Each structure stands twice: as structure tokens, then as C-alpha cells.
Enquirer: 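One structure, as C-alpha cells, below. Some questions next.
What you see below is based on every heavy atom in this structure, not just the backbone, and it leaves out hydrogens, waters and symmetry mates. Not measured: the values here are computed from a predicted model.
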Amino acid sequence: MEPTTAAREPHKLTDKGQATRARILEHAAELIYAKGVHATNNEQVRRAAGVSGSQLNHYFPTKESLVLAVIAWQAGRVLALHRGEQFARFDTLGAFRKWAAFYVGYERAYQEGCSLGSLASEIIKTDLDVHDELASAFDQWRDIFREGIQHMQRLGRMSTEADPTQLANLLLAAFQGGMLLAQISRDITPLKDALQTAIDYVQTFATPSDADVLQAR
């Protein structure tokens with residue numbers, strides 16, 4: 001995820017500086033996930049990351065700057081996974097099924113939940129001015145699905161009657177809702193059912209040729 005303003009991302013860091021900043025972000029994200037934003041303080045982050053107070057303040061002078069960076073860091077991980085070759089631009093129904101199988105098959109999914117979704121649910125309750133960054137992260141995630149469906153339409157694999165934005169919203173909502181219910185029940189079944197039902201609905205817009213390909217896989 002690209003930073004929303006140049007001022008929020010340090011310029012010209014050395015390799016060591018980049019590694020230190022990344023370590024701080026990783027530990028800050030873990031602490032915020034486990035304890036919440038308000039219960040996470042600089043001293044906890046400093047100790048977990050093994051840095052001094054001056055180092056922490058150098059990279060993140062305010063709590064808001066740290067939270068903004070954590071959002072960007074978590075979003076970057078999620079978006080990089082979805083943009084990778086593993087799901088092949090989501091331009092086939094098979095790619096969506098593979099995406100669902102990836103999360104359903106992850107043995108700790110119902111324990112960990114969605115890293116970005118969990119972060120958003122925690123941060124959105126605060127008075128930190130980070131809502132635009134959260135919205136941007138989910139917009140980019142939704143766009144990956146939308147663009148995949150649009151590409152399927154251009155390739156003739158999906159009916160032009162399909163609304164890519166609506167279907168992308170459905171897929172993302174099914175994932176977030178299914179993951180939350182899986183966490184609550186400590187059972188992956190709600191996520192599996194939500195994703196399967198959502199993708200089955202997307203399949204109703206598939207052209208016969210693409211449906212035949214899917215059945216052959």
C-alpha cells in the first residue's frame with residue numbers, strides 16, 4: 001500500500017534503518033492486535049522491538065504516525081499476497097476457489113482471523129484520524145477482486161450483466177464476516193460456507209465456456 005502522504009514515510013533510510021523500522025512495525029502490529037490501540041504504549045513497543053526511546057520517536061514521533069504505519073504495513077502484506085502470482089489476477093473462477101481454499105486450509109485462520117480486518121475493527125473505535133487510510137486499504141483490496149472480474153468479462157469468461165463492484169463487495173464481505181464468525185466459534189466452517197456461497201453466486205454469471213473449464217479442474 002502506498003503511503004497517503006510523503007511525510008508519513010521516512011526518506012532515504014539506510015538498510016539498517018529500514019530493518020529497524022520494519023521491526024518496530026511488526027511488534028507494534030502484534031501488540032495492537034493482542035492488547036488494542038489504547039492499551040499499547042511506547043514502552044511496550046520499545047521493549048518488544050528492542051529499540052531505545054529515541055529510536056522509536058525518530059521513526060514514529062506520535063502514536064498516530066505509528067498507527068498509520070501499522071495500517072500501511074498490514075495492508076501491504078495482505079495486498080501483496082492477493083496481487084501475487086498465486087491467484088493469477090483473479091481472472092478465473094478457479095482463482096477465486098483457490099483463494100478460498102488457501103484461507104480455509106490455513107490451520108490457524110480461525111484463531112488469528114484477518115490481520116487487516118482485526119486491526120480495522122480495533123482502530124475504528126478510537127479517535128485517531130486514520131479512517132481514510134483504513135478505507136483506502138479496503139478499497140484497494142476490493143479493487144483487486146473487481147478488476148479480476150472485469151478482466152474475466154473482457155476475456156468473455158463472465159457475463160456483461162455482472163456488476164464487478166457489487167460482486168467484489170460480496171466477496172470481501174463474505175471473507176470478513178466468515179472470518180469473524182470462524183473466530184467466535186473457533187471453527188473454520190462459517191468462513192468455508194460464506195466463501196463457497198459467495199463464489200457460487202459469482203459463478204452464476206460465468207459463461208458456459210468458463211464453467212466448463214472450471215468443472216474440468
Side-chain angles (χ1 to χ4, degrees), residues 1-84 103 106 108-147 168-169 172-173 175-184:
M1 176 180 173
E2 293 297 324
T4 53
T5 69
R8 285 171 176 158
E9 182 78 12
H11 293 290
K12 299 180 180 179
L13 290 178
T14 63
D15 290 344
K16 183 178 180 180
Q18 290 175 352
T20 299
R21 185 176 186 275
R23 187 168 72 252
I24 293 171
L25 284 176
E26 182 174 1
H27 286 287
E30 291 174 355
L31 285 168
I32 289 173
Y33 176 80
K35 298 176 177 293
V37 175
H38 288 305
T40 299
N41 57 46
N42 282 4
E43 182 63 16
Q44 293 168 338
V45 174
R46 186 190 69 74
R47 289 182 178 180
V51 298
S52 67
S54 61
Q55 282 179 302
L56 179 59
N57 289 332
H58 170 70
Y59 294 108
F60 307 106
T62 66
K63 188 166 188 176
E64 185 172 301
S65 67
L66 177 60
V67 172
L68 283 169
V70 167
I71 293 171
W73 183 78
Q74 289 283 25
R77 296 176 67 200
V78 171
L79 296 174
L81 172 67
H82 285 73
R83 289 169 176 158
Y103 280 102
Y106 180 48
R108 295 174 61 186
Y110 72 86
Q111 296 173 324
E112 298 180 355
C114 171
S115 58
L116 186 57
S118 297
L119 179 65
S121 66
E122 170 61 33
I123 293 176
I124 205 164
K125 294 179 290 187
T126 72
D127 57 1
L128 295 173
D129 185 19
V130 297
H131 289 179
D132 288 347
E133 283 71 15
L134 284 172
S136 175
F138 281 95
D139 284 346
Q140 290 180 73
W141 192 349
R142 185 186 301 107
D143 284 347
I144 293 173
F145 296 149
R146 179 181 57 78
E147 290 167 6
N169 280 328
L172 187 54
F175 177 81
Q176 292 297 328
M179 188 67 83
L180 176 61
L181 291 175
Q183 279 188 283
I184 293 171

Enquirer: Counting only heavy atoms not in D139, do more than 12 sit closer than 6.0 Å to its CG atom?
Expert: yes
Enquirer: Taking only Lys NZ, Arg NE, NH1 and NH2, and the carboxylate oxygens of Asp or Glu, determine whether R23 and E26 approach each other closer than 4.0 Å.
Expert: no
Enquirer: Is a side-chain N or O of T20 found less than 3.5 angstrom from the main chain of K16, in a donor-acceptor match?
Expert: yes
Enquirer: How many angstroms lie between NE2 in H58 and CD1 in I24, if you round to the nearest 0.5 Å?
Expert: 9.0 Å
Enquirer: Please name the pair of heavy atoms, one in A29 and one in Q74, separated by the smallest distance, quoted to 0.1 Å.
Expert: CB-NE2, 3.6 Å
Enquirer: Roughly how far, to the nearest 0.5 Å, is CG of D143 from NE2 of H82?
Expert: 13.0 Å
Enquirer: What's the shortest heavy-atom distance between R83 and Q140, and which atoms?
Expert: NH2-OE1, 3.3 Å
Enquirer: After noting the C-alpha distance and the side-chain angles of F138 and Q176, does the key distance pass the side-chain contact (heavy atoms from CB on, under 4.5 Å) rule?
Expert: CA-CA 11 Å; F138 281 95; Q176 292 297 328; 3.8 Å; yes
Enquirer: Closest approach of Q183 and S118, non-hydrogen atoms and distance?
Expert: OE1-OG, 4.2 Å
Enquirer: Would you indicate whether the side-chain heavy atoms of E133 and V67 approach each other to under 4.5 Å?
Expert: no
Enquirer: Would you find a donor on one side and an acceptor on the other, under 3.5 Å apart, between the side chain of K63 and the backbone of L128?
Expert: no
Enquirer: Between L79 and L116, is the side-chain contact (heavy atoms from CB on, under 4.5 Å) condition met? List the steps.
Expert: CA-CA 10 Å; L79 296 174; L116 186 57; over 6 Å; no
Enquirer: Can you name the nearest heavy-atom pair linking R46 to G53, along with the distance?
Expert: CD-N, 3.3 Å
Enquirer: Starting at CD of E43, measure out to CG of L56 and round the result to the nearest 0.5 Å.
Expert: 9.5 Å
Enquirer: Could you give the distance from OG1 (T40) to CD (E122), rounded to the nearest 0.5 Å?
Expert: 8.0 Å
Enquirer: Got a second to check how far L134's CG is from I123's CD1, nearest 0.5 Å?
Expert: 5.5 Å
Enquirer: Contact between L25 and F60 at the side-chain level, heavy atoms closer than 4.5 Å - yes or no?
Expert: yes
Enquirer: Determine the minimum heavy-atom distance between S65 and T62, stating which atoms define it.
Expert: OG-O, 2.6 Å
Enquirer: What is the ring orientation for W141 with F145, classed by angle as parallel under 30°, tilted 30 to 60°, or perpendicular over 60°?
Expert: tilted
Enquirer: What are the two closest non-hydrogen atoms of A69 and R21, and how far apart are they?
Expert: CB-NH2, 3.7 Å
